[in-house]
2 protein chains.
Amino acid sequence: MKGVEQIKAWMESVPFLTKEDLDLFEPFLSVTTFAEKQLLLSEGEICREICFVTSGLFRIYYLSDGKEINTGFFFENEFVVDYESFINQKPSRFYIEALEDSVVIPLPHDLLMHAYNTSKNRERFGRMKAEEVARMTAERVESFLFMDGKARSLWLVKERPNIFERVSLYHIASCLGMERESLSRIRKAIVTRKGR
Amino acid sequence: MKGVEQIKAWMESVPFLTKEDLDLFEPFLSVTTFAEKQLLLSEGEICREICFVTSGLFRIYYLSDGKEINTGFFFENEFVVDYESFINQKPSRFYIEALEDSVVIPLPHDLLMHAYNTSKNRERFGRMKAEEVARMTAERVESFLFMDGKARSLWLVKERPNIFERVSLYHIASCLGMERESLSRIRKAIVTRKGR
DNA sequence: AGAGGAATGTGACATATGTCAATGGTTTCG
DNA sequence: CGAAACCATTGACATATGTCACATTCCTCT
């Protein structure tokens, strides 16, 4: 199955994981599909799986005073998850929604815990992934500290080259901490006087 | 020595670490002091140690166009470190400065790696710490997404109850992503019309 | 006590962004 | 095809924050 091959290739690219480290997962790899607008997680649910995205795209958001606040996106070859809910297996504050028809490979929490428990290599993999997440999130904090709206938009384009082609301005703006109208104006300013 | 007892007490409070897991560190625990304004790390240096703060307080900042951007603070019973530089043992973009006379207990990178290599429990501890850092940093991103300046200030007071008594407005404002004058006005607005 | 410096407060104004309303384009679907 | 829904753009105006200048307070040192 194509999706399964994709996650196996991805896992094999992790340098220090051995074939034995990976074999544990083999029997449990299967694909699940989500239609556009379908929810992978709702507020109050426990996020029981971390899902490898083989195709498509998700957003994670929560409601504040009835308003949707997007906190991030998950693209192909990334793991979609509410990290906080998944780690502690407690109810989520978030919704996760497919923005396109999508295919994922879910890894259940207990499988992952078992994987960690039975191999120091896999435990280490978990540590390094968490460290990577922490580092990327810290960079995002930095972007709020010293960039204005325009700079953050350009930064996002660099991080996610094709995001403007796949995601509506509304969602992108929310994720940048601004309103849709502001992003529209910023984008216009960037396009019309490119050089300066 | 008082500082050493403090980190041992802290380590013993981690539920799943055994006495053997901790004994490895015992011979290497010693205190280092920093005077106010002294640098623990400079840009370009590799952050070779993660330091447990037994007393005092540090800030981490970098220079952008000659301007200091504070990205965080480290208080007592926290680990002061440039996580990115420490993890990958590569040159730092940051400065770390003592804001008060401070005492720390440094844990060298190779000691920590050795600790991870020789115990799955310790490796797990590293994973869980990284996950905690990721979670807290994500919360900080959220604070930029849906809060205005006033709300972020109140949020910080809740996170760090006595920070306004120990850190200058200039540094706090930088860490909140605003100017000193704005924070001064926001604080005034909060104090004068408390109830609303 | 007095001088000097650092931190903070405040006023005036510029700029960026939020908010609301209206418009026009595009997609979707019966 | 045509209607409805969605999305982006734009204008007008309100508000928040940045910027600069200067006043004031607080602290430290002699």
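Here is how names work: the chains are called A, B, and so on, in the same order as the sequence lines, proteins then strands, and each is numbered from 1.
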Quiz item: What are the two closest non-hydrogen atoms of A:Tyr95 and A:Leu39, and how far apart are they?
Solution: CD2-CD1, 4.2 Å

Quiz item: Between D:dA8, C:dG9, D:dC20, which nucleotide has the shortest distance from any of its atoms to the side chain of A:Leu169?
Solution: D:dA8

Self-check item: Length of the CG-C1' vector between B:Asp148 and C:dT19, whole Å
Solution: 14 Å

Self-check item: Gap between atoms CG and C1', on B:Leu99 and C:dA7 respectively (whole Å)
Solution: 14 Å

Quiz item: Do the rings of B:Phe144 and A:Phe144 sit parallel, tilted or perpendicular, given the 30° and 60° boundaries?
Solution: parallel

Self-check item: Side-chain N or O of A:Ser182 closer than 4.0 Å to phosphate OP1/OP2 of C:dG18
Solution: yes

Practice problem: Write down the distance between CE (B:Met178) and P (D:dT19), rounded to a whole number of angstrom. | Solution: 13 Å

Exercise. Take atom NZ of A:Lys150 and atom P of C:dT15, then tell me their distance rounded to the nearest Å.
Key: 13 Å

Quiz item: Would you say the side chain of B:Asn117 lies within less than 4.5 Å of the side chain of A:Arg124, judging by non-hydrogen atoms?
Solution: yes

Exercise. Return no unless some side-chain N or O of B:Lys188 is found under 4.0 Å from OP1 or OP2 of C:dT10.
Key: yes

Quiz prompt | Short side-chain N/O contact from A:Arg185 to OP1 or OP2 of D:dA8, under 4.0 Å | solution = no

Quiz item: Taking the side chain of A:Tyr170 as heavy atoms from C-beta outward, which of D:dA8, D:dT10, D:dT19 is closest to it?
Solution: D:dA8

Quiz item: Between D:dC7 atom P and A:Arg166 atom CZ, what is the distance in whole Å?
Solution: 16 Å

Exercise. Round to the nearest Å and state the distance from A:Phe164 atom CZ to D:dA8 atom P.
Key: 10 Å

Quiz item: In whole angstrom, what separates A:Arg187's CZ from C:dT17's C1'?
Solution: 17 Å

Self-check item: C:dG18 base / A:Arg180 side chain donor-acceptor hit below 3.5 Å
Solution: no

Quiz item: When the distance from NE2 of A:His171 to C1' of D:dC6 is rounded to whole Å, what number comes out?
Solution: 11 Å

Quiz item: Counting N and O atoms only, with roles assigned by atom type, does the side chain of B:Ser64 sit under 3.5 Å from a partner on the main chain of B:Lys67, one being a donor and the other an acceptor?
Solution: no

Practice problem: Could you work out which one of C:dT8, D:dG18, D:dA21 sits closest to the side chain of B:Glu179? | Solution: D:dG18

Quiz item: So which of A:Trp10, A:Phe58, A:Phe86 actually passes ring pair (Phe, Tyr, Trp, His ring centres under 6.0 Å) with A:Phe79?
Solution: A:Trp10

Quiz item: If you pin B:Val167 and A:Ile186 to their nearest nucleotides in DNA chain C, which one's is more 5'?
Solution: B:Val167

Practice problem: Indicate whether OP1 or OP2 belonging to D:dT9 is found under 4.0 Å from a side-chain N or O atom of A:Ser184. | Solution: yes

